[in-house]
Amino acid sequence: MIKVLIDINHPAHVHLFKNFAWEMQKKGHKILFTTRDKECTIQLLEYYKFDFISFGKHYKKKLGKIFGLFKFNLLLILTSIKFKPDIFLSHGSIYAAHTAFLLRKLNIAFEDTGNKEQVRLYKPFTKFIFTSNVFEQNYGIKQIRYNAYHELAYLHPKYFKPDETIFSLLDLKKYQPYVIIRFVSWDASHDKGQAGIGLENKIELIKNLSSIIKVFISSEEELPENLKKYQIKISPEKIHDAIAFSSIFIGEGATMASECAVLGTPAIYIN
């Protein structure tokens, strides 16, 4: 039996590793997820009935992130001493890389963001870094390129078939056109120096679109009162069904834009 600890940094990473986790469990291996409470991560782990440990809220500010580096490293070390994993797996988790190095265990990282700050902190401590073969950065002998995209790990037709019941969940007629708008919080370390759509432009965008098509907003941050009526109200595991049948996606989220690409949904990515 192999024990694998998967550290989750973002809700999309639950989807990235879920099929791998299920396959490993079918073969009798043990999987433990660790995470911070960010957006709908815990809801997804609970929905998929994975064993997991949450280390609390993630920190958004710079000082909080520095404090979190020490706090979450310590909590992951203590958890790992108890769980005794053979392999650490993550999407570029600094905490997983540091803990695996200290415990002399194998660490495998997936990467598609290329955030220099994050990569600098985990690359020296990881054994392998898996990237798509179109990924621009070169990480040397540790890098293993594959002919695919992360999103295919959970949206390939082998694993995912869009569910048409999403129309009733969205209170729409079957195949009624609609658009999904995505706003992000811009508090990740790789967002430094970047900004998204300003509030005035958000309001103008929604006003213009809502006059011709049904609009749903997915947002990491709380929406202002005049936009809350557009917020999409579905369980987080249903978002890919919503994306698959939408007429178009417009937003700041690179992950959702990539998901649209593999699902065949037109997307406008704003960064």
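Side-chain atoms are counted along with the backbone in the values below, which use heavy atoms only and exclude waters and symmetry mates.
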For Glu225 and Leu227, indicate whether the former's side chain and the latter's backbone hold a donor-acceptor pair under 3.5 Å. no
Give a yes or no answer on whether the side chain of Thr265 reaches the backbone of Ile243 with a donor-acceptor pair at less than 3.5 Å. yes
With a 4.5 Å cut-off on side-chain heavy-atom distances among I, L, V, M, F, W and Y, is there a chain of contacts connecting Leu5 to Met1? no
Phe160 and Ala244 have their tightest heavy-atom pair at CE2-CB, 4.5 Å
Roughly how far, to the nearest 0.5 Å, is the OG atom of Ser54 from the CD1 atom of Ile8? 12.0 Å
Any side-chain heavy atom of Glu259 within less than 4.5 Å of one from Tyr154? yes
When you compare the side chain of Phe72 with that of Thr34, does any pair of heavy atoms fall below 4.5 Å? no
Verdict with reasoning, Leu263 to Glu151, per side-chain contact (heavy atoms from CB on, under 4.5 Å): CA-CA 9 Å; Leu263 288 171; Glu151 292 75 20; over 6 Å; no
Assess Lys123 against Tyr139: is NZ or CZ under 6.0 Å from the centre of the six-membered ring, and within 45 degrees of the ring's axis? no
According to a hydrophobic-cluster definition based on side-chain heavy atoms being under 4.5 Å apart (Ile, Leu, Val, Met, Phe, Trp, Tyr only), do Val4 and Leu103 belong together? no
Can you list, by chain and residue number, the hydrophobic cluster partners of Ile141 when the side-chain cut-off is 4.5 Å? none
Flag if over 12 foreign heavy atoms under 6.0 Å of NZ, Lys214: no
Could you check whether atom CZ of Phe83 has more than 12 heavy atoms from other residues, nucleotides or ligands sitting under 6.0 Å from it? yes
Between Trp22 and Ile6, is there shared hydrophobic-cluster membership here, with clusters defined by ILVMFWY side-chain heavy atoms closer than 4.5 Å? yes
Any chance you could lay out the salt bridge (Lys or Arg N to Asp or Glu O under 4.0 Å) test for Glu23 and Lys26, step after step, and finish with the verdict? CA-CA 5 Å; Glu23 288 298 320; Lys26 286 178 186 177; 3.5 Å; yes
Any side-chain heavy atom of Leu44 within less than 4.5 Å of one from His15? yes
Aromatic contact, Phe55 with Tyr95 (centres under 6.0 Å): no
Between the side chains of Arg182 and Glu39, is the shortest nitrogen-to-carboxylate-oxygen separation below 4.0 Å, so that they form an ion pair? yes
Count I, L, V, M, F, W, Y as connected when their side-chain heavy atoms are under 4.5 Å apart, and connections chain through other members. Are Phe183 and Ile248 then in the same cluster? yes
Rounded at 0.5 Å granularity, tell me how far OG in Ser247 sits from CD in Gln176. 9.0 Å
Check whether NZ of the Lys or CZ of the Arg Lys105 lies under 6.0 Å from the centre of the six-membered ring of Phe88 and within 45 degrees of that ring's axis. no
So Phe130 and His150, do their side chains get closer than 4.5 Å, heavy atoms only? no
For Lys161, is the NZ atom crowded, meaning more than 12 foreign heavy atoms sit under 6.0 Å from it? no
Would you give the length of the straight line joining atom CD1 of Ile108 to atom OG1 of Thr126, rounded to the nearest 0.5 angstrom? 7.5 Å
Using a cut-off of 6.0 Å, state whether more than 12 heavy atoms not belonging to Lys142 lie near its atom NZ. yes
Flag the pair Lys3 / Leu32 as yes when at least one side-chain heavy-atom distance between them is below 4.5 Å, and no otherwise. no
Under 3.5 Å, side chain of Ser93 to main-chain N/O of Ala96, donor-acceptor pair present? yes
Quick one: does any side-chain atom of Glu252 pair with a main-chain N or O of Val184 as donor and acceptor, under 3.5 Å? yes
Tyr48 side, atom OH; Phe50 side, atom CZ - distance, nearest 0.5 Å: 8.0 Å
To the nearest 0.5 Å, atom CG of Leu199 lies from atom CG of Leu223 at 10.0 Å
Classify the ring geometry between Tyr159 and His156 as parallel (under 30°), tilted (30 to 60°) or perpendicular (over 60°). perpendicular
Derivation and outcome, side-chain contact (heavy atoms from CB on, under 4.5 Å), residues Ile181 and Tyr230: CA-CA 9 Å; Ile181 310 292; Tyr230 299 103; over 6 Å; no
Steps toward side-chain hydrogen bond (donor to acceptor under 3.5 Å, both in side chains) verdict (Asn107, His98): CA-CA 9 Å; Asn107 184 71; His98 291 179; over 6 Å; no
Minimal non-hydrogen separation, Thr99 against Asn73, with atom names: OG1-O, 3.9 Å
CG of Asn133: more than 12 outside heavy atoms within 6.0 angstrom? yes
Would you call Lys38 and Asn9 a side-chain contact if the rule is heavy atoms closer than 4.5 Å? no
Would a hydrophobic clustering, with Ile, Leu, Val, Met, Phe, Trp and Tyr connected at side-chain separations under 4.5 Å, put Phe101 with Ile77? no
Heavy atoms of Tyr122 and Ile94 approach each other most closely as CB-CA, 4.0 Å
Near Lys228 NZ, under 6.0 Å, is it more than 12 heavy atoms from other residues, nucleotides or ligands? yes
Can the ring centroids of Phe167 and Tyr175 be said to lie less than 6.0 angstrom from one another? yes
What I'd like to find out is whether the side chain of Lys57 reaches to under 4.5 Å of the side chain of Arg36, using heavy atoms alone. no
Taking everything shown except Asp37 itself, do over 12 heavy atoms lie less than 6.0 Å from its CG? yes
Do any N or O atoms from the side chain of Asp241 and from the backbone of Asp163 form a donor-acceptor pair under 3.5 angstrom? yes
Rounded to the nearest 0.5 Å, how far does OG1 of Thr79 lie from NZ of Lys82? 8.5 Å
For Ala148 and Ser132 the tightest heavy-atom approach is O-OG, 2.9 Å
Can you name the nearest heavy-atom pair linking Ala153 to Asn19, along with the distance? O-ND2, 2.9 Å
Is it the case that Gln143 and Thr131 place a side-chain donor and acceptor less than 3.5 Å from each other? yes
Just wondering, do Phe216 and Ile234 contact through their side chains at under 4.5 Å, heavy atoms? no
Intermediate values then yes/no, side-chain contact (heavy atoms from CB on, under 4.5 Å), Ile232 and Leu170: CA-CA 8 Å; Ile232 193 165; Leu170 294 173; 3.8 Å; yes
Using the side-chain contact (heavy atoms from CB on, under 4.5 Å) rule, take His240 and Leu155 through it: C-alpha gap first, then chi angles, then the decisive distance, then the call. CA-CA 8 Å; His240 297 124; Leu155 294 177; 3.8 Å; yes
Minimum heavy-atom distance Ala242-Tyr178, with the two atoms named: O-OH, 2.6 Å
